[in-house]
Amino acid sequence: MASVSVIASKEFSDIIRSKRFIILLSIFALLMIAAVASTYISATQGIAAPTAMPRGFLLSVASNLTSMMAYFAPILGIVLGVDAVSGEREKGTLKMVLAQPVFRDTFINGKFLGTVAAISLAVCIAFLVNVGGSIIALGITPTGDDAARLFLFLIISIIYAVAYYGIAILISTVSKKTTVSVIASIMIWAVFTFILPIIATMVVFSITPIRIQPGQNMTITPELREEIRRRITITETVNMFTPNYHFNRAANNILRAYIGAGFMPEGGATSGRPLQQAIRAVSIIESLAMVWPNILVIALIAVFTLIATYMLFVRQETR
Amino acid sequence: MNYIIETKNLTKIYRSEGKIVKALDNVNLTVERGRIFGLLGPNGAGKTTLMMTLIGLVMPTSGSARVLGFDIIKNSVEIRKRVGVLPEGADFYDHLTAKQNLLYIAALNGINKAEREERVEKVLKIVGLEDAKDRKVGGFSRGMKQRLGIAQALLKDPELLMFDEPTAGLDPEAARTFKNLVLKLRDEGKTIVLSTHLLFEVGPLCDDIAIINRGRIVLHGGVKDLAEKFIAEEGYKIRVQGKGDIGRFANAILNLKDVRNVRVDREYILIEASKDVRAEVSRLASAHGVEIVALELTVPSIEDLFMKYYKWG
Ligand SMILES: Nc1ncnc2c1ncn2[C@@H]1O[C@H](COP(=O)(O)OP(=O)(O)O)[C@@H](O)[C@H]1O
Ligand SMILES: [Mg+2]
């Protein structure tokens, strides 16, 4: 009887040899290199970071690493999941495989395993290009704490990509046609990435209309502070429904070893006095304590979509 | 008798989008070992559903069946381990070569690594694809894919083979090659179940047939037996063309023992008999002074038999 490993290893080797995988990985590797180059330029030209935080490896790489991964992981997951089931069904290869002594659950588990391995490989490569490039370009060696944080970030990125893969393969399993699956997946990605954040902003503006008049002195009154807090809460509540929000929050906090809070100087922003800053180091444990719910949400999306795919697929009949 | 396939009131009802289709309606079927068994019927008759049910890929709504002694619901993997199947609409991975596709399927069948290569080479040779084995399947013609499909079914050296619409879309040459291969496999002792809507192309190849229509088996048996029975039912048709006193001659023919019916149409006499009575007719002709111009016998063909049941339902 066919074991899961036969199917998983075929899936893995098919993916890593496929044009779409190689092209996607190449594009993002190039983007990563470009990002590293810009980091290098700003470092060598001594352009100061906009904060007074201690300069270190993480601070230099964190922003482009997270923003790049925020696009790479979902696109990777969708590209590998969108036709995973519907494509084989349409082509007739699913029928060929299931006419062998293969259980449906063996097939789908093998597919999951092979793809998750390929996703992990791709995310690792993209990550290494960026981090390795930065080490070479900046000449800074990450500390042990940096390395631990980067490793955690890598794991979160993989889970994030798998979550999107889960969404895409679930859609692919319920779709009769691959074209439908592609459209649905792209729509969901666009909703999570662009549309919900826009909606969040719109909701904020409709609920709490702007009250600061131009020319008015920008003093932080308790009312204004309250309003800002409300706006943030509303935006976050809307964005909470996207995996993207959870990834960004988790990734940003994991890669941040210092927390800085800015205070308005006496006399307000127009007083001419500098912004006051309080900076303190946070341990990796503290960071984790802050973001574990976000990591959990991403992981749950991954697990639930894969379980749902499994249950639906096992119940389907071969036509 | 120990049949290789045996179904009992096998029924499959599809419900989709509010429509209810009875694809199999109390199918009772037996297939004997070492035979070419044709499952014949028009499109939508239920042939594919029956085949997929027999290998456990479609669950029956009610009824039961055994293939090689294994229950189709409880032991379908055991069945697929032992039965070589070419499902309708099944395809290979385009980006892999013929050989890579077969090696994968061999692995799925649990054929151990040491043996895989040898088996693959062997079946490629049987279907005549040795020269194309390292080419990607994406560039294969329909005929080549069909041969590869048969190679795939032969990988496990199965006792029973099931091919669903194997000649659909093949050119006559390829169809003939296929038929010869099936005959060869039968002579090696394998049982082959073929399904087809191309009655006249595949029908004559079969030892036994079942005609299925709207999910029901309307005819089932050995082709020879069925043909004899059909001829006995339909009778021999003899057409006589003569010169002379046709009316009296026809009356005399009607009095012959095995003649059922006689019709006169100008100088023609049309006779329906349960036997070939041409000799008797000739004798009567000379006795009645009728000169026979033509005497033709038409035996109902197996095609006539198929057509009679095909149109049913
Ligand atoms: N998955 C399905 N859902 C609904 N109806 C189906 C399904 N599969 C087959 N049918 C219907 O069942 C009948 C028999 O189909 P099929 O077994 O494919 O016939 P054949 O192979 O003889 O052409 C047809 O009416 C077909 O439309
Ligand atoms: Mg069919």
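In this text, all values refer to a predicted model and were calculated from it rather than measured experimentally.
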Q: Quick check for you: to the nearest 0.5 Å, what is the distance between B/D94 atom CG and A/T93 atom OG1?
A: 9.0 Å
Q: Determine the option with the most heavy-atom pairs under 4.5 angstrom with chain A, choosing from B/I55, B/V85, B/I105.
A: B/I105
Q: Can you name the closest pair of heavy atoms from A/V102 and B/R80 and give their distance?
A: O-NH2, 3.0 Å
Q: Does atom OH of A/Y71 have more than 12 heavy-atom neighbours, drawn from other residues, nucleotides or ligands, at distances under 6.0 Å?
A: no
Q: Please check if any side-chain donor atom of B/Y104 sits under 3.5 Å from a side-chain acceptor atom of A/Q100, or the reverse.
A: no
Q: Closer than 4.0 angstrom, basic N to acidic O: yes or no for A/E317 and B/R15?
A: no
Q: B/Q152 versus chain A, heavy atoms under 4.5 Å apart: side chain, backbone, both or neither?
A: side chain
Q: At what distance, to the nearest 0.5 angstrom, does CD of A/Q316 lie from CG of B/L57?
A: 13.0 Å
Q: Got a second to check how far A/R315's CZ is from B/M59's CE, nearest 0.5 Å?
A: 13.0 Å
Q: Mark yes or no for whether A/K91, through its side chain, and B/Y93, through its backbone, hold a donor-acceptor pair below 3.5 Å.
A: no
Q: Of the backbone (N, CA, C, O) and the side chain (C-beta and beyond), which part of B/I111 lies under 4.5 Å from a heavy atom of chain A, both, or neither?
A: neither
Q: Take atom CD in B/E118; do more than 12 heavy atoms of anything else shown fall under 6.0 Å from it?
A: no
Q: Is it the case that over 12 heavy atoms from other parts of the model lie below 6.0 angstrom from the NZ atom of B/K136?
A: no
Q: With rounding to the nearest 0.5 angstrom, report the NZ to CG distance, A/K10 to B/L108.
A: 9.0 Å
Q: Check B/K156 against A/A99 and note the closest heavy-atom contact, atom names and distance.
A: NZ-O, 4.2 Å
